[in-house]
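Read through the structure below, which is laid out as C-alpha cells, and then see the notes.
Since this is a predicted model, take the numbers as computed values, not measurements.
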Amino acid sequence: MALNYIWSGFFLVGFLAALAQWIFLGDTQIFKKIVDGTFESAKMGVMDIALPLAGVMTLWLGIMNIGEKAGAIGWLAKVISPFFSRIFPEVPKDHPATGHMVMNFSANLLGLDNAATPFGLKAMESLQTLNPHKDTASNAQIMFLVLHTSGLTLIPLAIMAQRAILGAKDPSDIFIPCMIATYVATLTGIIVVSIKQRINLLNRVVIGWLGGMTAAICALIFFFTNFLTKPEIELVSRVSSNLILFSIIIIFILGAMRKQVNVYEAFIEGAKGGIQTSLTVIPYLVGMLVAISVIRNSGVLGFVVRGLEWIFISLGMPTEFTPALPTALMKPLSGSGSKAMMIDAMTTYGVDSFVGRLACIFQGSADTTFYIVALYFGSVGVRKTRYAISCGLIADFAGIVTAIFVAYLFFG
C-alpha cells in the first residue's frame, strides 16, 4: 500500500512542480522534458537494465547452483547461522537463504554490484519460500532488503575510478569516509528494523558479531592508512575484490568436482532461471524508473534543495554542503541519476573540492532504496511492502547525516 501512494505521489508532485514552473517561470519546455524522460526511462528499464540483467543472472544463478551442489552455500549458512538466527528468527538454521544472503552481502562489501544483484534476487526467492503470505513482505524479507539498501560497501571501486578519470590528486581519499558513512547506515538499518520486529539485539552473539565487524573495519582502516600509500590503496582495492570473487567461482567448481558433480550440467540447471527472473521484474522496473524520471525532470529536487538551504541559513547553520545534496536526494531513487549528479558536482565545483568529495561520500553511503524495492520484491511478486521503505529511508538518512559529518571532519 505504501508503494502505491509513493508511486502515485511521484507523478502528482512532479505534475504540480512542472505546472508551477510553466505558470510562474515561463518554462514552456518542462512538460516535454518530463514526457521525453518517461520514454527514455521506460527504454532504459528494458534495454539497459532488464536485458543485461538476464545475462548476468544466467551466469551467476548457474554459479550459485554449482556452489549449492558443492555444499559451499550450506557451509556458509552454518558459519553465519548463530548471528543470522538472531536477526532473522523466521529463517531456520542452515536454510539455503542464509548462504544466499551471505553471498549478496559479500559481493556488496567488495563493491561488485553485478554479482550482488543475482545473489540478492536468489536470496529473496529463497526467503519467499518461507513466506506464508506471498503478496506481503515477511519480516525476514524486510530485514534483508533494508540491510541491502543501506549499501554496506568496504571498497567503493566505481567512485574511486570516476574520481581518477576526472583527475583527482588522490582518488582514494574518500575511501574511509565512505566506509564510515555506509557502516553507520547499515547499523541504523539493523537497529530500526529490530525495534520494529521486536528483535533483541542485546545478547552476546549479536553484540559479538557486530563488535567483531566493527573491529575488523577499524583494523582495515588502520592498516590502509598506516601501511599503504594512496595509490597502493586503490590498487589493493581493485585487485583484491575481483580476485576474491573469481576465487569463489574456482572454490565452487573444485568443491563440486570433489563431490563428483557434473559441473557443467549443474551450471545449466541453475542458469535456466536467469531469463525468467529478468522478464518478471520488467513491469516493476519500468513503473518505478518512469516515476523517478518524473520527479527528476520536473525540478522537484531543485526546489527541495533550495528549501533546505533556506532553512539552514535561517537556523544559522553552515551551507557549504548543500550543493552536494542533489546526489544524496537522488541516491534512494536512482543509482544512475545520483552518479550523474555526483559527476556534475565534481565537474562544477572541482573533483577535489569539498562539494565534489561530499557528493562522492553521499554516493557511497547507501544504495538505491526505491529501485531495490521494485526489483527485489517485484521478482517474487510481493506487492505489500509494509514498513520496508520507511526503514530503508531512515537508514539512508543516517548515512547522509554521517556523510556530512565525516566530510567536515576529513575535508572541511
Side-chain angles (χ1 to χ4, degrees), residues 111 113 150-185 221 224-225 228-238 241 296-297 299-313 317-369 396-412:
D113 296 338
S150 64
L152 182 58
T153 303
L154 295 182
I155 306 174
L157 283 175
I159 298 174
M160 292 191 296
Q162 189 62 59
R163 287 180 55 76
I165 291 171
L166 294 177
K169 292 181 180 178
D170 178 9
S172 63
D173 60 5
I174 48 82
F175 171 76
I176 294 174
C178 280
M179 187 185 296
I180 295 171
T182 188
Y183 183 67
V184 170
I221 292 173
F224 274 36
T225 54
L228 297 180
T229 63
K230 301 299 183 181
E232 286 174 339
I233 291 176
E234 189 176 356
L235 178 62
V236 169
S237 299
R238 183 171 60 252
S241 58
R296 183 175 67 247
N297 291 312
V300 170
L301 293 181
F303 289 140
V304 172
V305 170
R306 285 192 288 272
L308 290 173
E309 187 173 14
W310 179 81
I311 292 173
F312 296 142
I313 291 174
M317 297 174 60
T319 58
E320 296 90 350
F321 64 89
T322 54
L325 282 179
T327 304
L329 296 176
M330 181 55 68
K331 184 62 178 180
L333 302 174
S334 167
S336 59
S338 62
K339 180 181 179 181
M341 291 184 173
M342 175 190 74
I343 294 173
D344 180 69
M346 286 192 287
T347 54
T348 301
Y349 296 91
V351 66
D352 289 323
S353 66
F354 177 79
V355 172
R357 284 168 167 149
L358 177 56
C360 292
I361 301 171
F362 281 147
Q363 180 72 2
S365 66
D367 214 326
T368 50
T369 298
D396 291 343
F397 179 73
I400 290 171
V401 172
T402 305
I404 295 172
F405 174 78
V406 295
Y408 276 106
L409 183 64
F410 282 79
F411 310 117

Inset, instruction - Give a yes or no on whether a salt bridge exists between Asp396 and Lys331, defined as a side-chain N under 4.0 angstrom from a carboxylate O. - result: no
Inset, instruction - For residues Ala359 and Thr327, report the shortest heavy-atom separation together with the two atoms involved. - result: O-CG2, 3.5 Å
Legend entry - Polar side-chain atom of Thr182 near backbone of Met179 as donor-acceptor pair, under 3.5 Å: no
Legend entry - Carboxylate-amine/guanidinium contact Asp352 Arg163, below 4.0 Å: yes
Legend entry - Heavy atoms from other residues, nucleotides or ligands near CZ of Phe405 exceed 12 (cutoff 6.0 Å): no
Inset, instruction - To the nearest 0.5 Å, tell me how far Ser365 OG sits from Phe397 CZ. - result: 12.0 Å
Legend entry - Closest non-hydrogen atom pair, Ala403 against Ile361: CB-CG2, 3.5 Å
Legend entry - Nearest heavy-atom neighbours spanning Ile174 and Met160: CD1-CG, 4.0 Å
Inset, instruction - Please report the shortest heavy-atom distance between Asp173 and Phe411, naming the atom on each side. - result: O-CZ, 3.3 Å
Inset, instruction - For the residue pair Ile404 and Phe362, establish whether any side-chain heavy-atom pair is separated by less than 4.5 Å. - result: yes
Legend entry - Thr319 side chain to Thr322 backbone, donor-acceptor under 3.5 Å: no
Inset, instruction - Determine, stepwise, if the pair Leu358 / Tyr408 fulfils side chain to side chain contact (heavy atoms under 4.5 Å, CB included). - result: CA-CA 9 Å; Leu358 177 56; Tyr408 276 106; over 6 Å; no
Inset, instruction - Check whether any side-chain heavy atom of Met330 sits under 4.5 Å from a side-chain heavy atom of Leu301, and report yes or no. - result: yes
Inset, instruction - Go through the steps to decide whether Lys339 and Gln162 satisfy the test side chain to side chain contact (heavy atoms under 4.5 Å, CB included), and finish with yes or no. - result: CA-CA 10 Å; Lys339 180 181 179 181; Gln162 189 62 59; 3.8 Å; yes
Inset, instruction - Report the C-alpha separation of Leu333 and Thr368 in whole Å, then their side-chain angles, then the decisive distance to 0.1 Å, and conclude whether the side chain to side chain contact (heavy atoms under 4.5 Å, CB included) test is met. - result: CA-CA 6 Å; Leu333 302 174; Thr368 50; over 6 Å; no
Inset, instruction - Would you check if the distance from the ring center of Phe321 to the ring center of Phe354 is below 6.0 Å? - result: no
Inset, instruction - Taking all heavy atoms of Met346 and all of Gly356, pick out the closest pair and write down the distance. - result: CG-O, 3.7 Å
Legend entry - Spacing of CG belonging to Asp344 relative to OG belonging to Ser338, to within rounding of 0.5 Å: 12.5 Å
Legend entry - Beyond-backbone contact of Pro318 with Phe312, side-chain heavy atoms, under 4.5 angstrom: no
Legend entry - Atom of Thr402, atom of Ala181 and distance for their closest heavy-atom approach: CG2-CA, 3.8 Å
